[in-house]
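A short worksheet on the structure shown next.
FYI, side chains are in, hydrogens and waters are out, and symmetry mates aren't considered; it's all heavy atoms of this structure.
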Amino acid sequence: TGGVQNITLQPGEFHVYTNRDLNNNATTPVTSVPWTGTAMEASVFPNPVSTRYVVEVKMPRSGDLKIDLFNMQGQHLRTLHSGFMIRGSHQLDFNRSAANMASGNYFIRVQAGTAVKTLQITF
């Protein structure tokens with residue numbers, strides 16, 4: 001109830017608002033949405049990173065895959081991976097200490113063909 005409200009959401013974030021009180025109702029999280037295989041998907045975990053982290057990429061077709069690391073100012077710091085990958089799901093394992101990264105927020109850009117995904121990561 002009330003007037004107009006502005007709601008700011010991060011990319012990929014969502015909230016469900018209702019006009020009913022939902023206290024003491026059971027909720028069911030969606031844990032496994034199947035990949036359709038038609039679009040590239042990318043994720044990074046664990047996030048925040050303590051020592052090791054994994055970039056998972058699901059590629060709809062075989063081709064070149066490039067994963068780059070950027071700081072918050074958009075400056076390219078290093079290429080984490082560059083090479084040919086076959087169609088399907090891949091998990092690429094990285095070590096924070098090998099990259100000698102200071103604590104803070106960074107961006108990982110995953111590019112496969114014309115598809116590009118940008119992920120935020122915290123070291």
Side-chain angles (χ1 to χ4, degrees):
T1 62
V4 176
Q5 296 179 350
N6 291 327
I7 301 171
T8 304
L9 301 175
Q10 297 298 317
E13 179 182 13
F14 66 92
H15 294 258
V16 177
Y17 295 93
T18 67
N19 61 355
R20 306 220 187 271
D21 186 8
L22 297 177
N23 289 334
N24 299 323
N25 286 325
T27 59
T28 305
V30 177
T31 58
S32 59
V33 176
W35 180 52
T36 63
T38 59
M40 181 192 69
E41 293 183 16
S43 61
V44 60
F45 59 89
N47 195 6
V49 174
S50 57
T51 54
R52 301 191 72 74
Y53 61 101
V54 173
V55 176
E56 182 176 35
V57 181
K58 294 179 179 178
M59 297 184 57
R61 60 188 107 1
S62 299
D64 290 327
L65 175 68
K66 187 174 181 184
I67 303 174
D68 293 307
L69 182 66
F70 294 85
N71 64 16
M72 291 299 286
Q73 290 75 36
Q75 297 169 318
H76 181 263
L77 300 177
R78 66 181 42 89
T79 297
L80 299 173
H81 175 83
S82 181
F84 185 84
M85 300 292 269
I86 62 169
R87 179 188 189 279
S89 182
H90 304 278
Q91 291 187 346
L92 294 100
D93 189 41
F94 299 101
N95 188 337
R96 175 187 173 181
S97 62
N100 195 24
M101 300 306 302
S103 295
N105 293 317
Y106 296 87
F107 293 108
I108 292 178
R109 184 178 69 190
V110 180
Q111 183 173 3
T114 59
V116 177
K117 298 284 184 186
T118 302
L119 310 168
Q120 186 172 347
I121 187 168
T122 302
F123 288 112

Tell me the closest heavy-atom pair linking [X] and [Y], and the distance in Å.
| X | Y | answer |
| --- | --- | --- |
| K66 | T79 | CE-OG1, 3.9 Å |
| T38 | P60 | C-CB, 3.8 Å |
| S62 | R87 | OG-N, 2.9 Å |
| Q111 | V116 | CG-CG2, 3.8 Å |
| M85 | H81 | SD-NE2, 4.0 Å |
| V44 | Y53 | CG2-CD1, 3.9 Å |

In the single-linkage hydrophobic clustering (I, L, V, M, F, W, Y; side-chain heavy atoms under 4.5 Å), do [X] and [Y] co-cluster?
| X | Y | value |
| --- | --- | --- |
| F70 | M72 | yes |
| L119 | I67 | yes |
| V54 | V57 | no |

All salt bridge (Lys or Arg N to Asp or Glu O under 4.0 Å) counterparts of R61, not counting sequence neighbours
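Applying salt bridge (Lys or Arg N to Asp or Glu O under 4.0 Å) to R61 gives none.
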L9 CG: over 12 foreign heavy atoms closer than 6.0 Å:
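Atom CG in L9 is packed in, count exceeds 12.
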Test item: [X] side-chain N/O and [Y] main-chain N/O as donor-acceptor pair under 3.5 Å:
| X | Y | answer |
| --- | --- | --- |
| N47 | Q120 | yes |
| R96 | R52 | no |
| T118 | R109 | no |

Rounded at 0.5 Å granularity, tell me how far [atom1] in [X] sits from [atom2] in [Y].
| X | Y | atom1 | atom2 | value |
| --- | --- | --- | --- | --- |
| L80 | L92 | CG | CG | 9.5 Å |
| K58 | S43 | NZ | OG | 7.0 Å |
| L69 | L77 | CG | CG | 5.0 Å |
| H76 | F107 | NE2 | CZ | 14.5 Å |

